[in-house]
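The structure appears below as structure tokens.
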2 protein chains.
Amino acid sequence: MVNLIKEIPISMRGVIRSQQLDPTDRRILLALDEDPRAPTMVLAQRLGLARGTVQSRIERMTASGVLRANSTRVDPEGLGRGVLAEVSAELDQSHINEAVAALGGIPEVLECLAPAGDTDLLIRVVATSPDDLYRVSEEIRLCPGIRRTSTRMILRTVIPYRTTALLGADDGGGAAPSSAPPKRRRT
Amino acid sequence: MVNLIKEIPISMRGVIRSQQLDPTDRRILLALDEDPRAPTMVLAQRLGLARGTVQSRIERMTASGVLRANSTRVDPEGLGRGVLAEVSAELDQSHINEAVAALGGIPEVLECLAPAGDTDLLIRVVATSPDDLYRVSEEIRLCPGIRRTSTRMILRTVIPYRTTALLGADDGGGAAPSSAPPKRRRT
DNA sequence: GGTAGAGTGGTCAATCTGATCAAAGAAATT
DNA sequence: AATTTCTTTGATCAGATTGACCACTCTACC
């Protein structure tokens, strides 16, 4: 087991994000779900906002990094990668950077997370077939710094990735959570 | 343990997708990473394609379901959900549909996968804090049909979700994998 | 009260759009 | 190989939209 927090310098999660989405941003994002390329004029009319507001909000969100690349919307199945799997990996402490760099060089590696607990990395991968998954898993296992891997194939996506419930959460403003414990009223 | 393949009717993965992205689609998607709302005129010029082609390709991809909702691009951290975790859950076979429906009703549940192996569901969740994560995990645990859960907090995103390597893979056409075993040449 | 930032509505020339068309090219079928 | 079907291309047009700019208003903060 290794401590990845200090050892891995490259991280999106470790970057302090200055932008929090306010209700207007979120309304805009929900509207963009209908048509991600809708003209700002149309969005403004639909949302009852000034056109300049919609424009500047979209620009700001785009510039701030709070939105991932558009290509993250692509279903890997559309690229012939119908098999999804999660690979757990234990790392060798002296080759952490090489391991991560090597993993980043494998196209089928979609994402790589460092969890608390009994494994060092959780790697989300895709493949064209179970046999191809074996190949990808081997490729991962042979990365420098990878000591041990375990592959778990995903049989079904029961609830596809979604954020609309978070965006639509009625929580009054900024980043306050909608599902926080209710405030106690004085009685 | 339960067999989720037959029991869960609602699934995106189970739907047969007719659209496979060809090299032109993929070039367009890579160009859209620079600016997801770039005018088709500009994209066409950059890609050396007719404007009508870009337009019809984007329309086709949009209509086919091969792209997820735009809101999936949102980093939950921008919504105050800075804590990410994976919850493993074992299900009670007689309440599977209720379990899934209940999970779908929890805004912090981003995604729900059914893996092969020793657990029934892998649930990706977010929360505002570790304490909030405890609350979310409890909410999940109390869903009908959930028999046992285990929560693993993600400490760091080592490689953020990305598909560009798959899109940019030089594999000649359609959905053929670029990292498939090389064809044996006759010698 | 003063200041800074955000939102509003308006303006303008340039750019873009959706829709349509005919022709050419590419792919699929017979 | 010939035929059919599909896709791409380039062109056209009136209307829509854009980026940039402006003055004004509103809101939040000091």
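Chain naming here is simple, since letters A, B, ... match the order of the sequence lines and numbering starts at 1 in each. Just so it is clear, the structure is predicted and the values come from calculations on it, not from any experiment.
The listed nucleotides are dT18(D), dT9(D), dT17(C); the one nearest the side chain of A50(B) is dT9(D). Picking from dA6(C), dT18(D), dT7(D) the nucleotide with the shortest atom distance to the side chain of R57(A) gives dA6(C). The T53(B) side chain lies nearest to dT9(D) when the options are dC16(C), dA20(D), dT9(D). Picking from dC16(C), dT12(D), dT8(C) the nucleotide with the shortest atom distance to the side chain of V42(B) gives dC16(C).
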Exercise for the section: Apply side chain to side chain contact (heavy atoms under 4.5 Å, CB included) to R81(A) and E77(A), showing your working. Expected result: CA-CA 5 Å; R81(A) 265 69 172 191; E77(A) 207 162 343; over 6 Å; no
Problem - Verdict with supporting geometry, L133(B) and V125(B), side chain to side chain contact (heavy atoms under 4.5 Å, CB included) - result: CA-CA 8 Å; L133(B) 176 60; V125(B) 303; 3.7 Å; yes
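Atom P of nucleotide dT7(D) and atom CZ of R60(B) are separated by 6 Å, given to the nearest angstrom. One can place CD of Q45(B) at 12 Å from P of dG10(D), the figure rounded to the nearest angstrom. Nucleotide dT7(D) holds its C1' atom 12 Å from the CG atom of L49(B), rounded to whole Å. Between the CZ atom of R37(B) and the P atom of dT18(D) there is a distance of 7 Å, given to the nearest Å. Rounded to whole Å, the distance from CD on E59(B) to C1' on dT7(D) is 14 Å. To the nearest angstrom, C1' of dG7(C) lies 13 Å from CG of D25(A). Rounded to an integer number of Å, the gap from M41(B) CE to dG15(D) P is 20 Å. When the P atom of dC22(D) is taken as reference, atom CZ of R51(A) falls 16 Å away, rounded to whole Å.
Put simply, the side chain of Q55(A) never gets that close to the backbone of T40(A): no donor and acceptor are under 3.5 Å apart. The closest donor-acceptor contact from the side chain of T157(A) to the backbone of I159(A) lies at 3.5 Å or more, if one exists at all.
Distances shown here put every side-chain N or O of Q55(A) at or beyond 4.0 Å from the OP1 or OP2 atom of dT18(D). OP1 or OP2 of dT17(C) sits under 4.0 Å from a side-chain N or O of T40(B).
D92(A) and S94(A) share a side-chain donor-acceptor pair at under 3.5 Å.
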